[in-house]
Amino acid sequence: MEGTLAVKTMMIVVIVALCGAVPTASPSQEELSKAQDYLSQFFSEVGVSAPSSVWRSSLESFEDTLRKMQEFFGLDLTGQLDSNTLEVMARPRCGFTDVTRYGHFDGRPKWDKTVVTYRITDYTPRLSQSDVDATIAKALKLYSDVIPLDFKRIDSATADIMILFKSRDHGDFAPFDGENGVLAHAFSPGEGNGGDTHFDEDENWTLTSAGANLFLVAAHEFGHALGLAHSQVQTALMYPTYQYVNTEGYKLPDDDREGVQAIYGIRETSAQPTTEPHPNPQPTKKPVPKPQPRPEPDPEPTPDRCSRNLIFDAATSIQRNLYFFKDGYFWKRSSSWDGITTKRIQSVWSGISKVDAAYEYNKKNTVIFFEGDHYWGIRGNTVLPGYPKPLRDFGFPPSVTKVDAAVYVSFTGRTLLFVKNKYWSYNERRGRMDRGYPKFIHTELPGIGYRVDAVFENKGYLYVSYGATQIEYHYQRRRALRTLLNYRWMDCN
Ligand code: 0DY
Ligand code: CA
Ligand code: ZN
Ligand code: ZN
């Protein structure tokens, strides 16, 4: 991977609010150009971070992009501006809450660690070293204030994020261009040069409104280094072009904060108000807790279903309702809009204290729960006789001691069982594992990433969750459609 350009690139498409457009009757030249604007605003995937990458939309045909849009909205994939498509395009986009939609290149790059190191190897003579150090730290802090990542500066060896100022050719096949134009570039997260951030030494680096403000440019580049691509929201830091704004008391703009929190989750605040006093309060960093004599812990506090950091143990449908499992509890989301109910797993299925993975095989009206190295068959509120059984009875080798997630795919009659970075396929009709498994998740199911905590099927899509986020996945096409926060199923606010 080292030294390659235009790899490790993450794409992000930010859907902004567009209100008040009025539907028109039949496709005209004007509508065609409006449609093009619409697609480039909402559906072109702008991939930047590796230096030579360009706006991908120019490489995609109008029809392909249109199909993407049609798929996103569940329309027929005609690739044509038919009346349904025009109607959806004309819909106001205000109040569209799943604001950040990502496309991913292979592997959905992010830092899989909580402490990311950085090192500045070459400084600019235009600013003092201590000013550069402080500015870089301040730019990184914009992110560590809102996501559960910490940055640590090191002065020797290779850091995750290697930072330098160089002009023209500087060893990565993306030479800088002299003053103006490209000010800096950064690689998205990964091994080798992943995360590395380069500043064009020929710019007039300043800490003021003159020239190129190092704080603003560094903050933009670190967005790439954390996995954000460019945003089309004009007020976003990740907007492609530099614009000076007052840097005093500067906080990460909402769009960038939402984008980066969708990847890493949220840094919990010390005292978060239960009601939002103002749209989008800025989460602040949790103070380091003082060592205290430990009070008796609550035996099992009910998990907070409205946390934007919500991570599921397991999820499944059961007779058209959705069940989400966490820490010995489950939430049932009723399809008939009775809202969400919270219960202890034990209270409904006695003997089962925790669920690691669950799936519904609707043909037999059964549900399978996995916990540790055994599993149960469930029908309604009863545990079927003969359970629990050891995982080996399911066809797993002894090396598998826990199943992370499971889902039955009716289209293929197979259940997918996720274990670490691989998955197995179980033929429900024949009652046995398919040959040739396990396979790697990230190669066979591109767009999902490397691991899965919970997965369920809803209305023909798979919702594949890892950490606080989940991916809406089109299984037949092996395509990730959008990224959502887990708690969106929890009917909050
Ligand atoms: N780097 O992240 C960039 O986006 C490059 C271009 C890329 C294709 C390698 C770049 O340096 N773009 C300029 C920039 O300043 C474009 C420009 O306006 N001269 N981007 C960084 C930036 C800094 C601060 C953008 C914003 C704020 N919004
Ligand atoms: Ca330049
Ligand atoms: Zn470079
Ligand atoms: Zn950029």
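Note that ligands are numbered from 1 as they come in the structure, with each ligand's atoms numbered from 1 the same way.
Considering Ile120, Leu164, Leu183, Ile163 as possible partners of Phe199, the one that fulfils the side-chain contact (heavy atoms from CB on, under 4.5 Å) test is Ile163. Arg267 pairs with exactly one of Asn309, Asp150, Asp145 by the side-chain hydrogen bond (donor to acceptor under 3.5 Å, both in side chains) rule, that one being Asp150.
Proximity of Ala212 to ligand 1, defined as any heavy-atom pair under 4.0 Å, is not found for any part of the residue.
Of the polar atoms of Val217, none of the N or O atoms is found under 3.5 Å from an N or O of ligand 1, judged by distance alone. Between Leu183 and ligand 1, at least one N/O pair is under 3.5 Å apart. Considering backbone and side-chain N/O of His185, none are found under 3.5 Å from N/O of ligand 1. Here's the thing with Gly181: one of its N/O atoms is less than 3.5 angstrom from an N/O atom of ligand 1. For the pair Gln243 and ligand 1, the shortest N or O to N or O distance does not fall below 3.5 Å.
Closest approach of Pro189 to Ala225, counting heavy atoms only: CG-O, 3.2 Å.
Taking the centre and axis of the six-membered ring of Tyr423, the NZ or CZ atom of Lys439 falls outside the cone set by 45° and 6.0 Å.
Side-chain contact check for His224 and His230: at least one donor-acceptor pair (N or O, by modelled atom type) lies under 3.5 Å. Tyr123 and Asp133 share a side-chain donor-acceptor pair at under 3.5 Å. A side-chain N or O of Asp172 and one of His198 form a donor-acceptor pair less than 3.5 Å apart.
Close contacts of ligand 1 with Thr241, meaning ligand atoms under 4.0 Å from a residue heavy atom, involve 18 (O), 25 (C), 26 (C), 28 (N). The ligand atoms of ligand 1 that sit less than 4.0 angstrom from a heavy atom of Tyr239 are 25 (C), 26 (C), 28 (N). In the vicinity of Ala184, heavy-atom distances shorter than 4.0 Å reach the ligand 1 atoms 1 (N), 2 (O), 3 (C), 5 (C), 10 (C), 11 (O).
Among the backbone and side-chain atoms of His224, an N/O/S atom is found under 2.8 Å from the Zn ion (ligand 4).
For the pair NE2 of His170 and OD2 of Asp172, the angle whose vertex sits at the Zn ion (ligand 3) is 110° to 10 degrees. Rounded to 10°, the angle that NE2 of His230 and NE2 of His220 form at the Zn ion (ligand 4) is 100°.
Within the 4.0 Å heavy-atom shell around ligand 1 one does not find Ala186. Residue contacts with ligand 1: His230 is included, with a non-hydrogen atom under 4.0 Å away.
Between Phe151 and Tyr118, the two ring planes are perpendicular [angle over 60°; tilted spans 30° to 60°]. The aromatic rings of Tyr463 and Phe456 sit parallel to each other, their planes meeting at less than 30°, with 60° as the upper class boundary.
With contacts defined as side-chain heavy-atom distances shorter than 4.5 Å, the pair Val409/Glu457 does not qualify.
No other N/O/S atom of His198 lies as close to the Zn ion (ligand 3) as ND1 does. The minimum distance between the Zn ion (ligand 3) and any N, O or S atom of His185 involves atom NE2.
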